[in-house]
Amino acid sequence: MIAPETIIQAACNFALVVLGVAFFLTVYRVVKGPTLPDRVLSLDMLVGIAIGFIAVIAIRTGYTLYIDIAISLGLVGFLATVAFARFILARGLVAERPLEDGPVLRTEKHKVKGGKKAKAAAAAAGGKGKSGGPAGAGGGRRK
(Lines give C-alpha, C1' and ligand atoms only; values in the text may rest on other atoms or scores of the structure.)
Protein backbone atom coordinates (compact mmCIF):
# COMPACT_ATOMS: atom_id res chain seq x y z
CA MET A 1 0.00 0.00 0.00
CA ILE A 2 1.13 3.56 -0.74
CA ALA A 3 2.04 5.72 2.24
CA PRO A 4 0.03 8.94 2.74
CA GLU A 5 3.25 11.01 2.68
CA THR A 6 4.03 9.70 -0.79
CA ILE A 7 0.58 10.66 -2.06
CA ILE A 8 0.88 14.15 -0.57
CA GLN A 9 4.33 14.62 -2.12
CA ALA A 10 3.08 13.48 -5.53
CA ALA A 11 0.03 15.76 -5.30
CA CYS A 12 2.24 18.70 -4.29
CA ASN A 13 4.61 18.05 -7.20
CA PHE A 14 1.68 17.85 -9.63
CA ALA A 15 0.19 21.06 -8.20
CA LEU A 16 3.52 22.87 -8.55
CA VAL A 17 3.80 21.82 -12.19
CA VAL A 18 0.24 22.97 -12.97
CA LEU A 19 0.77 26.26 -11.12
CA GLY A 20 4.06 26.80 -12.96
CA VAL A 21 2.38 26.35 -16.35
CA ALA A 22 -0.45 28.66 -15.30
CA PHE A 23 2.10 31.22 -14.09
CA PHE A 24 3.92 31.33 -17.43
CA LEU A 25 0.69 31.51 -19.44
CA THR A 26 -0.54 34.36 -17.24
CA VAL A 27 2.76 36.26 -17.52
CA TYR A 28 2.41 35.90 -21.29
CA ARG A 29 -1.05 37.50 -21.05
CA VAL A 30 0.34 40.35 -18.93
CA VAL A 31 2.98 41.08 -21.56
CA LYS A 32 0.88 40.42 -24.66
CA GLY A 33 -2.54 41.59 -23.41
CA PRO A 34 -4.08 43.83 -26.05
CA THR A 35 -5.87 46.09 -23.56
CA LEU A 36 -5.27 47.42 -20.07
CA PRO A 37 -8.23 45.51 -18.56
CA ASP A 38 -6.70 42.26 -19.89
CA ARG A 39 -3.49 43.09 -18.10
CA VAL A 40 -5.29 43.95 -14.85
CA LEU A 41 -7.23 40.70 -14.97
CA SER A 42 -4.07 38.71 -15.57
CA LEU A 43 -2.32 40.47 -12.68
CA ASP A 44 -5.24 39.44 -10.48
CA MET A 45 -4.77 35.90 -11.76
CA LEU A 46 -1.08 36.07 -10.85
CA VAL A 47 -2.08 36.89 -7.28
CA GLY A 48 -4.28 33.79 -7.24
CA ILE A 49 -1.46 31.64 -8.61
CA ALA A 50 0.95 33.04 -6.00
CA ILE A 51 -1.58 32.12 -3.30
CA GLY A 52 -1.65 28.61 -4.76
CA PHE A 53 2.15 28.37 -4.64
CA ILE A 54 2.18 29.55 -1.02
CA ALA A 55 -0.52 27.01 -0.09
CA VAL A 56 1.38 24.12 -1.71
CA ILE A 57 4.59 25.12 0.05
CA ALA A 58 2.65 25.31 3.34
CA ILE A 59 1.39 21.77 2.81
CA ARG A 60 4.85 20.49 1.88
CA THR A 61 6.66 22.06 4.81
CA GLY A 62 3.88 21.84 7.38
CA TYR A 63 4.56 25.44 8.40
CA THR A 64 1.10 26.94 8.99
CA LEU A 65 2.23 30.57 9.02
CA TYR A 66 2.26 30.40 5.20
CA ILE A 67 -1.54 30.13 5.23
CA ASP A 68 -1.79 33.47 7.03
CA ILE A 69 0.55 34.99 4.45
CA ALA A 70 -1.62 33.61 1.63
CA ILE A 71 -4.75 35.12 3.18
CA SER A 72 -3.04 38.50 3.54
CA LEU A 73 -1.87 38.34 -0.07
CA GLY A 74 -5.44 37.58 -1.16
CA LEU A 75 -6.75 40.66 0.62
CA VAL A 76 -4.03 42.92 -0.80
CA GLY A 77 -4.56 41.46 -4.28
CA PHE A 78 -8.28 42.15 -4.08
CA LEU A 79 -7.69 45.75 -3.05
CA ALA A 80 -5.16 46.21 -5.85
CA THR A 81 -7.64 44.87 -8.40
CA VAL A 82 -10.34 47.25 -7.17
CA ALA A 83 -7.88 50.16 -7.34
CA PHE A 84 -6.88 49.24 -10.91
CA ALA A 85 -10.54 48.96 -11.91
CA ARG A 86 -11.28 52.41 -10.50
CA PHE A 87 -8.25 53.77 -12.34
CA ILE A 88 -9.45 52.31 -15.63
CA LEU A 89 -12.95 53.67 -15.05
CA ALA A 90 -11.62 57.15 -14.23
CA ARG A 91 -9.26 57.07 -17.19
CA GLY A 92 -12.11 56.32 -19.58
CA LEU A 93 -14.18 59.27 -18.32
CA VAL A 94 -11.48 61.96 -18.28
CA ALA A 95 -13.33 64.29 -20.64
CA GLU A 96 -16.63 64.00 -18.77
CA ARG A 97 -17.07 65.66 -15.40
CA PRO A 98 -19.67 64.43 -12.92
CA LEU A 99 -22.49 66.71 -11.89
CA GLU A 100 -22.43 67.95 -8.30
CA ASP A 101 -24.82 65.35 -6.94
CA GLY A 102 -25.70 63.53 -10.13
CA PRO A 103 -24.45 60.48 -12.01
CA VAL A 104 -20.93 60.22 -13.38
CA LEU A 105 -22.05 59.77 -16.98
CA ARG A 106 -23.71 62.54 -18.93
CA THR A 107 -27.21 62.02 -20.16
CA GLU A 108 -27.62 65.10 -22.35
CA LYS A 109 -26.56 65.12 -25.98
CA HIS A 110 -23.06 66.26 -26.86
CA LYS A 111 -22.63 69.56 -28.65
CA VAL A 112 -21.91 69.44 -32.38
CA LYS A 113 -18.58 70.99 -33.28
CA GLY A 114 -18.36 72.91 -36.51
CA GLY A 115 -20.10 75.75 -38.26
CA LYS A 116 -23.66 76.30 -39.36
CA LYS A 117 -23.49 73.51 -41.94
CA ALA A 118 -22.49 70.87 -39.37
CA LYS A 119 -25.25 71.96 -36.99
CA ALA A 120 -27.82 71.97 -39.79
CA ALA A 121 -26.71 68.48 -40.89
CA ALA A 122 -26.95 67.19 -37.30
CA ALA A 123 -30.43 68.69 -36.92
CA ALA A 124 -31.56 67.19 -40.24
CA ALA A 125 -30.17 63.77 -39.27
CA GLY A 126 -31.98 63.89 -35.92
CA GLY A 127 -35.39 64.64 -37.45
CA LYS A 128 -35.55 61.74 -39.90
CA GLY A 129 -37.74 58.70 -39.43
CA LYS A 130 -37.13 55.11 -40.55
CA SER A 131 -37.79 55.86 -44.19
CA GLY A 132 -35.06 58.47 -44.41
CA GLY A 133 -37.46 61.37 -44.83
CA PRO A 134 -38.99 63.64 -42.20
CA ALA A 135 -40.77 61.87 -39.38
CA GLY A 136 -44.39 61.15 -40.15
CA ALA A 137 -44.05 61.79 -43.92
CA GLY A 138 -45.51 58.52 -45.16
CA GLY A 139 -42.73 56.36 -43.75
CA GLY A 140 -45.16 53.90 -42.14
CA ARG A 141 -46.67 50.67 -43.48
CA ARG A 142 -48.74 50.58 -46.62
CA LYS A 143 -52.20 49.11 -46.40
Side-chain angles (χ1 to χ4, degrees), residues 1-137 139-141:
M1 185 162 174
I2 301 175
E5 293 83 18
T6 308
I7 295 173
I8 290 174
Q9 288 298 323
C12 286
N13 289 337
F14 178 73
L16 286 174
V17 169
V18 170
L19 286 169
V21 170
F23 176 79
F24 285 116
L25 290 173
T26 307
V27 167
Y28 173 75
R29 179 49 59 196
V30 169
V31 173
K32 187 73 174 171
T35 62
L36 186 60
D38 288 333
R39 289 185 173 98
V40 170
L41 187 64
S42 57
L43 286 173
D44 188 38
M45 189 67 191
L46 279 177
V47 170
I49 292 170
I51 291 170
F53 274 120
I54 292 171
V56 170
I57 297 301
I59 291 171
R60 268 190 130 168
T61 62
Y63 196 57
T64 57
L65 182 64
Y66 286 135
I67 302 299
D68 296 335
I69 294 169
I71 291 170
S72 300
L73 180 61
L75 292 172
V76 170
F78 170 73
L79 291 176
T81 302
V82 170
F84 274 131
R86 288 182 59 92
F87 169 73
I88 291 171
L89 181 65
R91 184 176 172 224
L93 300 174
V94 169
E96 300 187 23
R97 295 183 181 175
L99 300 174
E100 290 180 14
D101 291 329
V104 175
L105 298 175
R106 288 190 200 172
T107 56
E108 71 262 4
K109 294 182 181 180
H110 298 289
K111 292 183 179 179
V112 177
K113 293 182 180 179
K116 293 180 183 177
K117 292 181 181 178
K119 290 180 182 178
K128 293 188 177 190
K130 292 182 181 178
S131 65
R141 283 195 216 166

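Two residues are said to be in side-chain contact when any heavy atoms from C-beta on lie closer than 4.5 Å; Ile71 and Ile67 meet this criterion. For the pair Phe87 and Leu36, the minimum side-chain heavy-atom distance is below 4.5 Å. With a 4.5 Å cut-off on side-chain heavy atoms, Arg60 and Asn13 count as touching. Residues Pro4 and Gln9 form no side-chain contact, since every pair of their non-hydrogen atoms from C-beta on lies 4.5 Å or further apart.
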Stepwise side-chain contact (heavy atoms from CB on, under 4.5 Å) check, Phe23 with Val27: CA-CA 6 Å; Phe23 176 79; Val27 167; 3.8 Å; yes
Before giving the answer on side-chain contact (heavy atoms from CB on, under 4.5 Å), spell out for Leu43 and Leu46 the whole-Å C-alpha distance, their side-chain angles and the decisive distance to 0.1 Å. CA-CA 5 Å; Leu43 286 173; Leu46 279 177; 4.1 Å; yes
Go through the steps for Ile51 and Val47 under the test side-chain contact (heavy atoms from CB on, under 4.5 Å), then give the verdict. CA-CA 6 Å; Ile51 291 170; Val47 170; 4.1 Å; yes
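Contact between Val56 and Cys12 at its shortest, heavy atoms only, is CG1-O, 3.8 Å. Taking both residues in full, the closest heavy atoms of Arg29 and Ser42 are given as CG-CB, 3.8 Å, listed atom of the first, atom of the second, then distance. A pairwise comparison of heavy atoms in Tyr66 and Ile54 identifies O-CG2, 3.2 Å as the closest pair.
The side-chain hydrogen bond (donor to acceptor under 3.5 Å, both in side chains) search around Thr35 returns Asp38, not counting sequence neighbours.
A 6.0 Å sphere centred on CZ of Phe84 holds no more than 12 heavy atoms belonging to other residues, nucleotides or ligands. No more than 12 heavy atoms of other residues, nucleotides or ligands shown are found within 6.0 angstrom of CD1 on Ile2.
Expressed to the nearest 0.5 Å, how far CE of Met1 lies from CD1 of Ile7 amounts to 7.0 Å. Once rounded to the nearest 0.5 Å, the distance linking CD1 of Ile49 with OG1 of Thr26 reads 3.5 Å.
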